[in-house]
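Quick caveat: nothing in here was measured; it's all calculated off a predicted structure.
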Amino acid sequence: MASRKHKKPDLERREPIRAFGGVFGPPGEDRAAPESPSKERPGKGAAQSSGTDPVSRGVDLGYRVIDQYMRQGQAFARAGWPLGSKGAPAAADPQKLTERMYQYASDLASVWFEYAQAMGGQLPGVPAPGGPSRPPSTQAPHVGGFDIGQRGAADQAPIAPGAREPAAPISHHAPRVSIDVRSKHRVEVTADLKAAVDRGALCVHDLRARDPSLPRISGVTLQASEGDRLLMRLQIPDDQPAGIYSGLVVDEESNLPRGTVSVRVYEPGDP
Amino acid sequence: MAAAFELTKPEHKGKYRLTVYQLGWRLGGKGASGRGPGNRIEEHGLHLWMGFYENAFRLMRECYAELARDPKTCRIADWRDAFVPDNFNAVADRTPSGAWLPWKVTLPPLAGQPGDAIEKAQRWTVADYVSRTVLLIQTLLEASQVRAGGAAPDASSSRSRPYPTTPDAIAEGMSRLLRYGQLGTFGAIVEALRLMQVAVAAGPQYPENLVLQFQESVAQAARSQLEALIEKDDELRRVWEIVDLSLAIVRGVLRHGIMTHPQGFDAINDYDCREWLVLNGASERSVNSAFVRALYDLAFAYEDGDVSRPRVAAGIAVRGSLRSFFTYRGAFFWKMQSGMGDVVFAPLWEVLRRRGVRFEFFHRLENVRLADAVDGESPSVESLELDVQASVTGGAEYQPLIDVGGLPCWPSEPDWSQLVDGPRLKQEGRDFESHWDHRQVAKKTLRVGTDFDLVILGVGVGAIPHVCQDLIARNERWRDMAQHVKSVPTQALQLWLKEDMKTLGWNDGPVNISGFVEPFDTWADMTHLVAEENCREPVRAIAYFCSVLPDGTPVQMGAASYPEERRTEAKENAVRFLNKDIVHLWPKAADSAGFRWDVLADAGAVSTPAAAGEARLDGQYWRVNVNPTDRYALSLPGTIRYRISPLDPSYDNLSVAGDWTDCGLSQGCVEAAVMSGLLAAHSISQSPPLEEIVGYDHP
């Protein structure tokens, strides 16, 4: 018998991700690419953060969120496609994956908040501690989701009726979004927006469930808000069936997709 | 080499100690080249790098950066010295009357350079590809409208007009056009295509049946508008063929649900590309057009090398085409400024040597032996059995490169003076790269735990049945792979010419042309290499040709004389081709007696009297790639699923690498080879991250 000392490590995945590119884009392009070809790419060990500073943790969690998106997409796609995939592992439970995805997203928001605090307002559009205060929020019946940028301050920030939003410059970073949800149910909201979005001209298509018989969630709006922030407002009808609803964010002028919005509506009484 | 480059990067801090065991005297496999008489470059075939070879270019850019050659002393010091953009291409079009008529295209240079960091906003989605395809159709139809005598499209009333902004409005627009049969003019068709572009770009947001029905109506309308015109106008005919093929791709993507399919384009890999295009509405004329023939030619996509059996998996072909045309950077093609060995493998050898990689040349892998099965353990490689083809004098390390005017290059034959009994081995005519020459000076067995821990098997797919018998016997997936993943031999011809191309009758600039007649369907003008070489007679032009070579029977291949017989056959092919066919491209290269053999420049020594007539071909270079390691891996329909990934866990100390593996691209090309090497490195070190292998995660 051979006296082996080494063997290959177990890998997280062994196949390319070929699906769901139309919704979220392949993971490689959304991730930070090396600055230049000659710049060293970190190895596995180097890529994993120490987990001690909010920036590194944010990067790690960001990767995990995107990974989770992709895996969830694959799981859904495989579950819904009778032909299956060669050598593919059995599809994971989409509901569990969704829960984990939202957990990661919440973690990311939390860490991003820490990062913003740590940067002391150096981020464009993020007020420094002690800076101008935000308008008081209006309490919605039941609010879910999160605010990427400054948690707690703008979750339900109202928009003055008829107020004209200032034209926002094109950003090369994924925009930060405040979400205003009005719902009797518990809901969780995810917004995935591409970089370089012109925030003066976006509209959100009706959110649809996978089951075409379920009613759509319409009337979702996405408007420029303070700084380079976007404010998304959506209202969930009281009789909206539980489920996951998704819709495209499109550029009003070109109608090209700029991102997606997903809402998970829980059963009444779900914690 | 890509795997070795990755595993020895500084961030691994020397964790991996590598030894490369190499057949013969040079690196590169079928990408290897050598310097022959007059320092002429002798390639295995014609190698053009495509502008979407992101991983391959990134590898070479990193390599040249680390190499840091001095441009004062070395003419190829930077990757930009090594690769030059080449946008002028052609396909050999055949008119309805049977004449050959090159269709020449200068593809526009696109932003960036291959290997640049990928911009965050860039996405590769089926919807984007289809949207761009529809835009291409729209543009071609607008051009056709003008050519056919119609008014130029009014940009202010067309593209600048705001799009409908809601799915309902777009769906209503499509329904209205369908309902009232308003697709009777070019303008209406172009307008319809704008709606369709928006609909497909948005992904599966629209009723599939409506989009599909709409697409079919648009295709029918475009066909009726153009088909009457194309018989009289070759340019319109070509445009229509591209439009027809593009419409078929759009229709196929919609019909097969590829936009949301978990396997992306792999979902249609059981179809042949032509078959799939016809299935989705393409005409027979279009699928036999120059463009499609070129696609097959460039991929040597002929089963068993039989040109009457063109076959390539539809998903691989469509993905490759979309990536080729829509994601190239800088230029569609990039040409190497010396031999591939000199531009690619010499720098890699130098950098890897500096990093401490050991190279053991003159080692032929004979067998990969597995350990006895142990309950509860994954199978593993126990030993590697090799033939030592030659020993280096004094046990020294073999120095493989020669200096050609300051550029480190590979020679076309080994440096016999470094070998024990070198003169005798030379006199015996040892062919270290021949599968049929089994002569060796010793045998060597490498044992796990003593001589190695992990193995990356980087042989060509054709060699697998010869060196992996144990794996094939004991593992069904390996057995399936060996049975289904086929390869073909190829042939290559290089000519050095005393007259320039214009004198020979080619009036355009240096070109790459494919889709031409067999036995050499592809020609590239390589005149830029003249300065690299020192022929005895002045050279004004250099031409490389290549093509598939019909496979031999197992009995034929078993004979020791097989390679020489095929070489003779290739020479006969070359004589026939030059006498009969080249005149279609170089009308002044022939006279009433056939090819003007005196235009061939002889590279022989000054003292050698120049040959005359057809014998002058002996002073040129041609070869057949019949060695198992040199054969070209095919992407046949129904076989892609049998490829084994470098990430495959079947053996816990073995990974595979090569363009024949399941590497995400699954095409025979340098980009696939590099991607495969990166995956093999990942299988061992989990680096690079899969997300950094550009195009691995791709529909």
Below 4.5 Å from any heavy atom of chain A, which atoms of [X] appear? Answer side chain, backbone, both or neither.
{"X": "B/S645", "result": "side chain"}
{"X": "B/S655", "result": "both"}
{"X": "B/L654", "result": "backbone"}
{"X": "B/R319", "result": "side chain"}

### Query
Quick one: side-chain hydrogen bond (donor to acceptor under 3.5 Å, both in side chains) partners of B/Y651, sequence neighbours excluded?
B/N475
Nearest 0.5 Å, what's the [atom1]-[atom2] distance between [X] and [Y]?
{"X": "A/R13", "Y": "B/H682", "atom1": "CZ", "atom2": "NE2", "answer": "7.5 Å"}
{"X": "A/E12", "Y": "B/L690", "atom1": "CD", "atom2": "CG", "answer": "8.5 Å"}
{"X": "B/L647", "Y": "A/E15", "atom1": "CG", "atom2": "CD", "answer": "9.5 Å"}

#### Entry: Partners meeting side-chain contact (heavy atoms from CB on, under 4.5 Å) with B/P649 (sequence neighbours left out)
A/R14
### Task
Search all heavy atoms of B/S683 against all heavy atoms of A/P9 and return the closest pair with its distance.
O-CD, 3.1 Å
#### Entry: Side-chain (A/K8) to main-chain (B/D648) donor-acceptor, under 3.5 angstrom
yes
